[in-house]
Amino acid sequence: MSQRENARARVRGAAPVGIAPRAARALVELAREAGVSGTELLMVKSADEAGQIELADYFRLQRKIALAIADETCRQSARQLLPGTTDFALGQVSRAATLDDVMRILARAYNLLHGGAYNRVARLRNRIDFVMDDRDFPYTDPDDQEAVWTAAECVQMFVHGMFSLIAPGLAERGLLEVSIRRPSGEPAPPHLSFWSVPVRFGASAYRLEYSAAVVCEKIASPDPAKLSAAAVYQRVIDMIGENRGSPNCGLTDATAARVRVAIATGEVEQEGVAERLGVSVATLRRHLAAEATSFRALRREVLDEA
């Protein structure tokens, strides 16, 4: 098994879904400085005792801190984003006809708000990727590499949560793989087990990779009244609970993992799975054969487990 495959296996086997102690301590310090109160203080106390924060609590605290210090980046960026920034960006997608449209609108909106071309949408064969290139991003402390990796990885979860809020079910069905810049030799932090698809380490940029066939499906016009930063945070928190016990836990082969997820979520025909993954049936068979398995074998395993 390669080093990258080992890293992927560690991600999908990690539990519980939480933020590692170093990132948790930084958030705790900021929470205290921001003067959070009520139930959020219990999260802080729990973090002190356990050394880490559950991922759902991390996002809850982040939301409270953003409002308290009037900065939606929670001081991760040297360029402050005032409360309402996400609401403003979401307000631009009301006329989007597809999730592809949503991705392009939000990439452009956030580039304008951040003052740089950090986000883009790339079409590669049968995939459409939302790409975040943070190499020139104005991080407050760019020398703290672990903090930078963690921040960007959690932003990916938030962005995927935005897509899921706007097009319920479609974003989850279309997601194929997640790419991160954290090197493959680094230990996989527990929060990466949020993902129910393979995570690729050592990429040149952060990518959320979706099936083009799925994200180009027509979507209902989003209700502007339901699109807000608070709703995105809640959607991410809901997804954390939904993603526990992912059916691809422990797998190391990317195509087999994707096929198992598709079958477990209701797509039991080979043609439908191939379309969801954005490949032909012949290509799907070839990749599975290279991984010493077949669609029939995977379907039998997943249905037997169910």
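Remember, predicted model here, so these are calculated numbers, not experimental data. Hydrogens, waters and symmetry mates are skipped; everything else that's a heavy atom, side chains included, is used.
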Partners passing side chain to side chain donor-acceptor pair (under 3.5 Å) against Gln234 (at least two apart in sequence or in another chain):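 Only Asp238 meet the side chain to side chain donor-acceptor pair (under 3.5 Å) criterion with Gln234.
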What salt bridge (charged side-chain N to carboxylate O under 4.0 Å, His left out) pairs are there with at least one residue in residues 80-91, not counting sequence neighbours?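 For residues 80-91, and leaving out neighbouring residues, there are no salt bridge (charged side-chain N to carboxylate O under 4.0 Å, His left out) pairs at all.
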Tell me, which pairs form a salt bridge (charged side-chain N to carboxylate O under 4.0 Å, His left out) where one or both residues lie in residues 201-218, sequence neighbours left out?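 As it turns out, the salt bridge (charged side-chain N to carboxylate O under 4.0 Å, His left out) pairs with a partner in residues 201-218, which skip direct neighbours, are Arg127-Glu209, Asp129-Arg207, Arg173-Glu217, Arg200-Glu209.
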List the residues meeting salt bridge (Lys or Arg N to Asp or Glu O under 4.0 Å) with [X], not counting sequence neighbours, and say none if there are none.
{"X": "Arg296", "answer": "none"}
{"X": "Glu33", "answer": "Arg75"}
{"X": "Asp141", "answer": "none"}
{"X": "Asp100", "answer": "Arg104"}

Under the criterion side-chain contact (heavy atoms from CB on, under 4.5 Å), I'd like the reasoning laid out for Glu301 against Leu298: C-alpha separation, chi angles, the key distance, then a yes or no. CA-CA 5 Å; Glu301 291 171 10; Leu298 292 172; 4.0 Å; yes
In the hydrophobic cluster built from side-chain contacts under 4.5 Å, what are the other members alongside Leu124?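 When side chains under 4.5 Å apart are linked, Leu124 ends up in no cluster with other residues.
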Within the side chain of [X], is there an N or O that forms a donor-acceptor pair under 3.5 Å with the backbone of [Y]?
{"X": "Asp71", "Y": "Leu81", "value": "yes"}
{"X": "Gln92", "Y": "Leu106", "value": "no"}
{"X": "Thr150", "Y": "Ala147", "value": "no"}
{"X": "Gln76", "Y": "Ala151", "value": "no"}
{"X": "Arg79", "Y": "Leu113", "value": "yes"}
{"X": "Glu172", "Y": "Pro168", "value": "no"}

Going by the rule side chain to side chain contact (heavy atoms under 4.5 Å, CB included), which residues pair with Pro183 if we only count those two or more places apart in sequence or in a different chain?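 Pro183 satisfies side chain to side chain contact (heavy atoms under 4.5 Å, CB included) with Trp149, Glu186 once adjacent residues are dropped.
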What pairs with Ala152 under side chain to side chain contact (heavy atoms under 4.5 Å, CB included), at least two apart in sequence or on another chain?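 For Ala152, the residues satisfying side chain to side chain contact (heavy atoms under 4.5 Å, CB included) (neighbours in sequence not counted) are Asp134, Tyr139, Tyr206.
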To check you understand the geometry: which heavy-atom pair defines the closest contact between [X] and [Y], and what is its length?
{"X": "Ala70", "Y": "Leu82", "answer": "O-CD2, 3.8 Å"}
{"X": "Arg235", "Y": "Ser164", "answer": "NE-OG, 2.8 Å"}
{"X": "Ser294", "Y": "Leu288", "answer": "C-CD1, 3.9 Å"}

Excluding sequence neighbours, so at least two apart, what forms ring-ring contact (aromatic ring centres under 6.0 Å, His included) with Phe158?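 Once residues adjacent in sequence are excluded, the partners of Phe158 under the ring-ring contact (aromatic ring centres under 6.0 Å, His included) criterion are Tyr233.
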Test side-chain contact (heavy atoms from CB on, under 4.5 Å) on Ile19 and Leu55; report intermediate values, then the result. CA-CA 6 Å; Ile19 288 289; Leu55 188 58; 3.7 Å; yes
Looking at Arg181 and Glu153, is any side-chain nitrogen of the basic one under 4.0 Å from a carboxylate oxygen of the acidic one?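 The answer is no: the pair does not qualify as a salt bridge.
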Taking only residues at least two apart or on different chains, which pairs with a member in residues 106-125 satisfy ring pair (Phe, Tyr, Trp, His ring centres under 6.0 Å)?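 Checked against ring pair (Phe, Tyr, Trp, His ring centres under 6.0 Å) - neighbours excluded - the pairs reaching residues 106-125 are His114-Phe137, Tyr118-Phe137.
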Over 12 non-hydrogen atoms of neighbours within 6.0 angstrom of CG in Asp223: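 Yes, enclosed.
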